[in-house]
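In what follows, a single structure is set out as structure tokens and then discussed.
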Amino acid sequence: MLVLVTGATGNVGRYVVSSLLARGHQVRALARSPSKISPEILTRLESTVQSSGYDDIVSLDRGCAGVDAVVNAYSGRPELTLEGQLLLLRAAERAGVKRFVASCWSYDWTTLKLGQQESYDPFIAFHNHVDLTSEIRPIYILSGVLAEVFFAAPGHGDFSPKNHGCWDPQRKRLEIWGTGNELWHWTTERDAAEFAAEIVQRDDAAKGGFWRLCSGVNTLKEIAATYEEVRGRKVAIEVMGTVDELRERAMQARREGNRRYFWSYIGWFYQLYTVDGTWALRMLDNDKLGLRTTTLKEFLQQTPSI
């Protein structure tokens with residue numbers, strides 16, 4: 001197949017390109033800065049398309065022309081997830097593309113209501129609108145928290161305590177709400193790309209639908225213990241309060257905040273809906289793909305900077 005990868009130089013997109021090439025597919029890359037693609041990968045691409053932004057319709061049409069599938073690896077900014085992704089899907093429609101992997105890689109938002117998690121509202125709106133208006137049935141991959149995001153790796157968001165996340169990358173410390181025995185579904189960016197590449201080549205890819213997949217499932221206490229084993233250093237654990245106290249903290253932050261700047265408080269809800277099970281990946285589809293995923297120990301060994 002010839003596959004268009006959008007956001008091809010991003011954290012997940014660069015792995016998607018490699019995963020598709022490893023499966024023998026031709027890859028066309030669309031990005032604002034194709035020069036960021038490594039020379040070794042660049043020589044293996046069918047072509048590159050430079051885009052001035054998500055609303056560059058001419059570039060979107062050039063990118064989609066003649067391809068068999070689209071894998072969208074845009075970042076999680078709302079304007080990209082909703083407006084940008086919808087413009088890309090319309091370009092795919094005009095080109096007659098039927099296989100479309102939506103930019104998602106998130107927890108399970110299928111039972112959430114608009115306004116319950118601002119950062120997931122664009123996913124919900126995109127899904128509903130496409131259901132109403134398009135013959136394309138996108139593939140949505142629900143994969144929990146990206147491991148690089150959880151550990152606040154540089155360049156992968158800052159889900160650290162200063163943004164109401166769990167892991168303090170400077171002090172190697174975990175802030176825990178609840179008991180620390182609640183389950184966290186997590187996925188490496190490399191595995192997220194592997195999931196997308198494997199699914200888009202399936203015979204039933206054009207049927208779309210939801211896939212619930214992850215690299216692993218661990219409690220925060222287990223994550224701390226594995227980090228200690230791999231790094232040989234103690235992880236400080238601080239219990240911040242109960243789940244009910246976390247819920248009140250999150251609701252108060254939303255009341256006092258501004259939806260236009262939801263990033264200032266959304267971390268509270270990310271923790272809340274994980275530890276209270278609101279968006280847990282209850283029925284995993286890993287067995288359907290048969291891919292070997294990265295263990296937490298392997299991930300830490302592969303990323304010594306964390």
Side-chain angles (χ1 to χ4, degrees), residues 76 78 104-124 142-153 156-188 210 212-228 234-259 261-284 296 299-300 306:
C104 192
W105 296 292
S106 62
Y107 267 104
D108 190 342
W109 41 264
T110 58
T111 62
L112 298 185
K113 297 178 180 178
L114 286 173
Q116 195 171 348
Q117 172 78 3
E118 287 86 340
S119 61
Y120 283 7
D121 281 352
F123 295 143
I124 299 170
L142 308 176
S143 53
V145 61
L146 290 172
E148 292 83 354
V149 172
F150 176 88
F151 283 104
H156 300 261
D158 188 4
F159 189 53
S160 66
K162 73 177 183 180
N163 288 310
H164 321 306
C166 307
W167 177 255
D168 184 335
Q170 278 72 48
R171 299 169 62 188
K172 311 306 179 189
R173 168 177 163 272
L174 267 178
E175 292 188 359
I176 290 177
W177 291 88
T179 66
N181 294 316
E182 296 84 3
L183 296 176
W184 286 68
H185 295 80
W186 59 271
T187 297
T188 69
F210 290 90
R212 292 164 177 83
L213 304 156
C214 65
S215 297
V217 187
N218 293 95
T219 69
L220 292 183
K221 289 181 178 179
E222 290 171 343
I223 291 173
T226 303
Y227 189 93
E228 290 176 348
K234 186 72 175 176
V235 173
I237 294 178
E238 183 175 353
V239 178
M240 309 301 292
T242 66
V243 176
D244 286 339
E245 289 170 333
L246 172 60
R247 181 174 292 104
E248 178 51 38
R249 178 73 62 89
M251 295 300 181
Q252 180 181 349
R254 175 178 280 158
R255 289 193 296 269
E256 295 175 353
N258 183 325
R259 280 177 56 84
Y261 306 103
F262 67 85
W263 297 113
S264 66
Y265 60 79
I266 205 64
W268 293 123
F269 287 94
Y270 207 98
Q271 288 207 63
L272 173 63
Y273 294 148
T274 303
V275 298
D276 76 0
T278 292
W279 56 25
L281 308 181
R282 303 188 190 283
M283 298 290 290
L284 292 174
L296 181 58
F299 171 72
L300 292 171
I306 289 177

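Throughout, numbering of the chain's residues begins at 1 and tracks the sequence. Computed from heavy atoms alone, side chains included, the values below leave out hydrogens, waters and symmetry copies.
- Here the closest heavy-atom approach between residue Val235 and residue Ala224 is recorded as CG2-O, 3.8 Å.
- Side chains of Phe151 and Trp186 form no contact here, defined as non-hydrogen atoms less than 4.5 Å apart.
- The backbone N or O of Thr278 lies less than 3.5 Å from a partner atom in the side chain of Asp276, making a donor-acceptor pair.
- In this structure, Thr219 OG1 and Leu183 CG are separated by 7.0 Å, a value rounded to the nearest 0.5 Å.
- The aromatic ring centres of Trp105 and Phe123 sit 6.0 Å or more apart.
- The side-chain contact (heavy atoms from CB on, under 4.5 Å) check on Met251 picks up Arg247, Arg254, Arg255, Phe269, with sequence neighbours excluded.
- In this structure, Glu175 and Pro161 approach most closely via the heavy-atom pair OE2-CB, 3.6 Å.
- The side-chain heavy atoms of Arg249 and Tyr265, taken from C-beta on, include no pair separated by under 4.5 Å.
- No side-chain donor-acceptor contact under 3.5 Å links Asp244 and Thr242.
- Between Tyr107 and Tyr273, the ring centre distance reaches or exceeds 6.0 Å.
- With rounding to the nearest 0.5 angstrom, the NZ atom of Lys234 is 13.5 Å from the OH atom of Tyr227.
- For Glu245 (side chain) and Val243 (main-chain N/O), no donor-acceptor pair under 3.5 Å exists by modelled atom type.
- One finds the CD atom of Glu148 at 6.0 Å from the OG1 atom of Thr188 (value rounded to the nearest 0.5 Å).
- Note that the SG atom of Cys166 and the OH atom of Tyr270 stand 10.0 Å from one another [nearest 0.5 Å].
- The side-chain heavy atoms of Phe150 and Trp184, taken from C-beta on, include a pair separated by under 4.5 Å.
- For Arg259, the salt bridge (Lys or Arg N to Asp or Glu O under 4.0 Å) partners are Glu118, Asp121, not counting sequence neighbours.
- At least one donor-acceptor pair closer than 3.5 Å links the side chain of Thr187 to the backbone N or O of Ser215.
- Among residue pairs with one or both ends in residues 158-171, those qualifying as salt bridge (Lys or Arg N to Asp or Glu O under 4.0 Å) are Asp158-Lys162, Asp168-Arg173; sequence neighbours excluded.
- In this structure, the side chain of His185 engages the main chain of Leu281 through a donor-acceptor pair within 3.5 Å.
- Atom CG of residue Leu246 and atom CD of residue Gln271 lie 6.0 Å apart, to the nearest 0.5 angstrom.
- Across Leu272 and Ala250, no two heavy atoms sit closer than the pair CD2-CB, 4.4 Å.
- Between the side chain of Lys221 and the backbone N or O of Thr179, at least one donor-acceptor pair lies under 3.5 Å.
- Atom CG of residue Leu114 and atom CH2 of residue Trp109 lie 10.5 Å apart, to the nearest 0.5 angstrom.
- Not a single donor-acceptor pair under 3.5 Å links the side chain of Arg212 to the backbone N or O of Ala280.
- With a 4.5 Å cut-off on side-chain heavy atoms, Thr226 and Phe299 do not count as touching.
- Partner of Trp279 under the side chain to side chain donor-acceptor pair (under 3.5 Å) criterion, out of Thr274, Thr111, Asp108: Thr274 alone.
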